[in-house]
Amino acid sequence: MELTRRGFLKLSGAGLGGLALSQLGFSTPALASGGDLRILTATESTTVCPYCSVGCSAIVSVMNGKVVNVEGLAESPINRGTLCSKGNSLFQVSNSDRRLQKVRFRDAGADGWKEISWEKAIEDIAAYIKETRDANFVTTQKNAAGNDVTVNRTKAIANMGGAALDNEELHLIAKFARSLGLVYVEHQARI
Ligand code: SF4
């Protein structure tokens, strides 16, 4: 079949209907096999890309405990089904054999890492926060007039939010940080 440019535009402008496609050389079996390639038996769940502050939503498909596909979530008003190249590589977070699955800790002065449990990690972090806060907490500071004013703060600890956190989580984290007297409360998106 000889196809002119005008004829091609006319056919493709017909909404890629079956008749037009067949005239362009696409066969119905080919289209059907494209449908079969979809991961029909996979379990799908939605998530938010953790890589940057845009916060694109994605559908993650899992088969036999392994991520087999990641694609943008069309319903997201942010990315409307798209993902950048970094977001498209999200499956590596789960599938990479270099993924760390246990907490690793390097002690002060140590020349290597050791694995510790989540329970120990959380207990240690809490102890470090308390120790640092107690040693550096300031209750008052002189103002420009030379008078003591209450500040109740520590500049020895900083808090950093991340793109994977949602509004509610960040609200609670900020409250927690302020309740400890932190003044350096920042977010990845601002730096
Ligand atoms: S898909 Fe790309 S643009 Fe979207 S949140 Fe992830 S890294 Fe950012």
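Just so you know, ligand 1 is whichever comes first in the structure, and atom 1 is the first atom listed for that ligand. What you see below is based on every heavy atom in this structure, not just the backbone, and it leaves out hydrogens, waters and symmetry mates.
Heavy atoms only, all atoms of each residue included: G72 and I59 are closest at O-CD1, 4.2 Å. Residues G161 and H187 come closest through the heavy atom pair C-CD2, 3.7 Å. The two residues K155 and Y184 have their closest heavy-atom pair at O-CE1, 3.4 Å.
For T47, the side-chain contact (heavy atoms from CB on, under 4.5 Å) partners at least two apart in sequence or on another chain are A58, V60.
For residue C84, no N/O/S atom approaches atom 4 (Fe) of ligand 1 to within less than 2.8 Å.
Close contacts of ligand 1 with Y51, meaning ligand atoms under 4.0 Å from a residue heavy atom, involve 7 (S). Near G55, meaning under 4.0 Å from any of its heavy atoms, are these atoms of ligand 1: 5 (S). The contact set between ligand 1 and L83, taken as ligand atoms under 4.0 Å from a residue heavy atom, comprises 1 (S). Every atom of ligand 1 is numbered from 1 in the order shown, and the set under 4.0 Å from a heavy atom of C49 is 1 (S), 5 (S), 6 (Fe), 7 (S). The contact set between ligand 1 and G87, taken as ligand atoms under 4.0 Å from a residue heavy atom, comprises 1 (S).
Among protein heavy atoms, atom 8 (Fe) of ligand 1 sits closest to C52 SG, 2.3 Å. Looking only at protein heavy atoms, the nearest one to atom 4 (Fe) of ligand 1 is C56 SG, 2.3 Å.
L180 and I125 fall within the same hydrophobic cluster, where Ile, Leu, Val, Met, Phe, Trp and Tyr residues are linked whenever their side-chain heavy atoms come under 4.5 Å apart, directly or through other members.
When side chains are defined from C-beta on, I129 counts as touching I157, because their heavy atoms get closer than 4.5 Å. Using a 4.5 Å heavy-atom threshold, the side chains of L90 and Y51 count as touching.
The closest approach between N79 and ligand 1 stays at or above 4.0 Å for every heavy atom of the residue.
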